[in-house]
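By convention here, the first residue in the shown sequence is residue 1.
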Amino acid sequence: MKIGLALMRMRVRGGMERDCLAIGRALAARGHDVHLLTTEPQYAQDAAFAVREIHVPRYMGPRRLAAFAEAIRELRKHETFDAVISFGRVVGCEFHYAAELPFRRRGFPFSWLPRVRTYGKLEAAIHSPSAPSRTIFYLTERQREAYRALYGDMDQRSCVIPVIRHDDRPVPAKFYAKRENVRRKLAIPANAPLAVLVATKPLKKGLLRILAAMPRFPLLHLLVVGASRNAQWKLAELIHRVGDRVHCVPYSDEVMDLIGAADFMVHPSDEDSAGLAIVEGLSSGIPVIVTENCGYADLVVRLDAGLVIPVPFQGLALSSAIEGVIGNLDRMKGQAREAAMALNREPSWTDEVANAVERLGLGASQNAA
């Protein structure tokens, strides 16, 4: 089959971009002719399949996304694709990968913003009963329920994929194997409790909430992976006077080693459709503290590998969770290691996507016969 992956922007460290490339690799490994269709091909040069640049006007935001969708439609008039998987509200494709929470859930006054209205219309077009999308992939059941509340029952064409685990994030051969080396490089005391937050946009993932809780724990250190040191350190020092206990490092391929050096992960995000960082924490065998509005909060509960903070968020609940983890580290680390082993037994999420795409091709050939 000739399969297109339609993703307008390719960010270097974006979660949706990593998912797109992983799906492409899985389909290519099965012998399919895969083409990534994007406006930024320079960020996907390591892809194991064809990467093609789609030229669209330099509009801003949703106008550019609509132009990209139109460019994909024009391409298909002159070139045959058996299927195209859309990423990021690209209308008119056979498959849609819903990597985000619905835009239309935002009430007044946000519903009046042009950006929200336009993205909402694109989203509604994808979920319309008359849309060409045969299957819509959701990251979690919680995310699917959010869309169902807005667009009704879509069980005939909705698919919740298994837990996302990327091959480029292997579990360390031995838990905490590089713990001492990492702490030494970052000047973190060997016996100090260390929490880790993994986020390229830490303010959206609860950094301010963590900093507000840190004065209650004078021995606690925080490792922020994926953030600018200057900005985050100034917040920590000027507002909460904890700058000497906050360590910021850029996102890198050594992220699993950094996570493994911590005692627990804290991810009190405002919202998260899934939360890949949560899975990385669980895969590293450390307990995870997460807000219940994150998609993978249910996974933390199912694996009994951390604590879930209820919403609406309260700072005291986060402080209590941190105190509970620090006070029971040995027991909770043991449970987290068992959870990491359980994750290894989860079915492959890329296989689920590839199987759905191949079923479409099989169905088309049977209909033709």
Sequence-distant partners of [X], side-chain contact (heavy atoms from CB on, under 4.5 Å), two or more places apart:
X: T39; answer: M8, V56, R64, F68
X: A29; answer: none
X: A69; answer: R73, V90
X: N328; answer: R331, M332

Value rounded to 0.5 Å, distance of [atom1] in [X] from [atom2] in [Y]:
X: R179; Y: R184; atom1: CZ; atom2: CZ; answer: 12.5 Å
X: I322; Y: I210; atom1: CD1; atom2: CD1; answer: 7.0 Å
X: K201; Y: L203; atom1: NZ; atom2: CG; answer: 11.0 Å

Inset, instruction - Show your working on side-chain contact (heavy atoms from CB on, under 4.5 Å) between L197 and K205 and close with a plain yes or no. - result: CA-CA 8 Å; L197 171 68; K205 304 302 181 183; 4.2 Å; yes

Inset, instruction - Could you list the residues that satisfy side-chain hydrogen bond (donor to acceptor under 3.5 Å, both in side chains) with E74, not counting sequence neighbours? - result: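 Per chain and number, E74 pairs via side-chain hydrogen bond (donor to acceptor under 3.5 Å, both in side chains) with K77.
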
Inset, instruction - For E145, enumerate each residue passing the salt bridge (Lys or Arg N to Asp or Glu O under 4.0 Å) test, keeping only those at least two apart in sequence or located in another chain. - result: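 Result, salt bridge (Lys or Arg N to Asp or Glu O under 4.0 Å) vs E145: R148.
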
Can you hop from [X] to [Y] via hydrophobic side chains spaced under 4.5 Å?
X: V300; Y: V311; result: no
X: V246; Y: I326; result: yes
X: L219; Y: L329; result: no

Legend entry - Residues that H267 engages under ring-ring contact (aromatic ring centres under 6.0 Å, His included), provided they are two or more places apart: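 H267 satisfies ring-ring contact (aromatic ring centres under 6.0 Å, His included) with no other residue.
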
Legend entry - Results of ring-ring contact (aromatic ring centres under 6.0 Å, His included) for H127 - residues two or more places apart only: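 ring-ring contact (aromatic ring centres under 6.0 Å, His included) check on H127 returns Y147, Y151.
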
[X] versus [Y], closest heavy-atom pair with distance:
X: D244; Y: H221; answer: O-CE1, 4.1 Å
X: A131; Y: A125; answer: CB-O, 3.2 Å
X: A44; Y: L21; answer: CB-CD2, 4.2 Å
X: C93; Y: S86; answer: SG-CB, 3.6 Å

Inset, instruction - Begin with the C-alpha distance, continue with both residues' side-chain angles, and end with the deciding distance and a verdict on side-chain contact (heavy atoms from CB on, under 4.5 Å) for V225 and I259. - result: CA-CA 9 Å; V225 180; I259 295 173; 5.7 Å; no

Inset, instruction - If a pair satisfies side chain to side chain donor-acceptor pair (under 3.5 Å) and one of its residues is in residues 290-300, list it, with sequence neighbours excluded. - result: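 Only R142-D298, T291-N293 qualify under side chain to side chain donor-acceptor pair (under 3.5 Å).
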
Inset, instruction - Hey, could you give me each pair passing side chain to side chain donor-acceptor pair (under 3.5 Å) that has a residue in residues 208-218? Not counting sequence neighbours. - result: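 For residues 208-218, and leaving out neighbouring residues, the side chain to side chain donor-acceptor pair (under 3.5 Å) pairs sorted by first residue read R209-D270, R216-S319.
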
Inset, instruction - Would you list the pairs meeting ring-ring contact (aromatic ring centres under 6.0 Å, His included) in which at least one residue belongs to residues 314-352, sequence neighbours left out? - result: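 Applying ring-ring contact (aromatic ring centres under 6.0 Å, His included) to every pair that reaches into residues 314-352, excluding sequence neighbours, yields H166-W349.
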
Inset, instruction - Write out all pairs satisfying ring-ring contact (aromatic ring centres under 6.0 Å, His included) with one or both partners inside residues 303-323, taking only residues at least two apart or from two chains. - result: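 Sorted result for residues 303-323: empty, none.
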
Inset, instruction - Give me the one residue out of R76, R157, R359 that meets salt bridge (charged side-chain N to carboxylate O under 4.0 Å, His left out) with E94. - result: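 The single option meeting the salt bridge (charged side-chain N to carboxylate O under 4.0 Å, His left out) with E94 is R76.
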
Inset, instruction - Return yes if some donor-acceptor pair links the side-chain N/O of S133 with the main-chain N/O of T135 below 3.5 Å, else return no. - result: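 Checked: no pair found.
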
Legend entry - Result of checking I72, T38, L7 against I54 for side-chain contact (heavy atoms from CB on, under 4.5 Å):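 Exactly one candidate clears the test, I72.
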
Inset, instruction - Measure the acute angle between the ring planes of F87 and Y97, then classify it against the limits of 30° and 60° as parallel, tilted or perpendicular. - result: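 Ring orientation, 0 to 90° scale: tilted.
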
Inset, instruction - Give a yes-or-no answer on whether the side chains of N355 and R30 include a donor-acceptor pair shorter than 3.5 Å. - result: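 Yes, R30 and N355 have a side-chain donor paired with an acceptor closer than 3.5 Å.
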
Legend entry - Sub-4.5 Å side-chain heavy-atom contact between V34 and I23: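 No; the side chains remain at least 4.5 Å from each other.
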
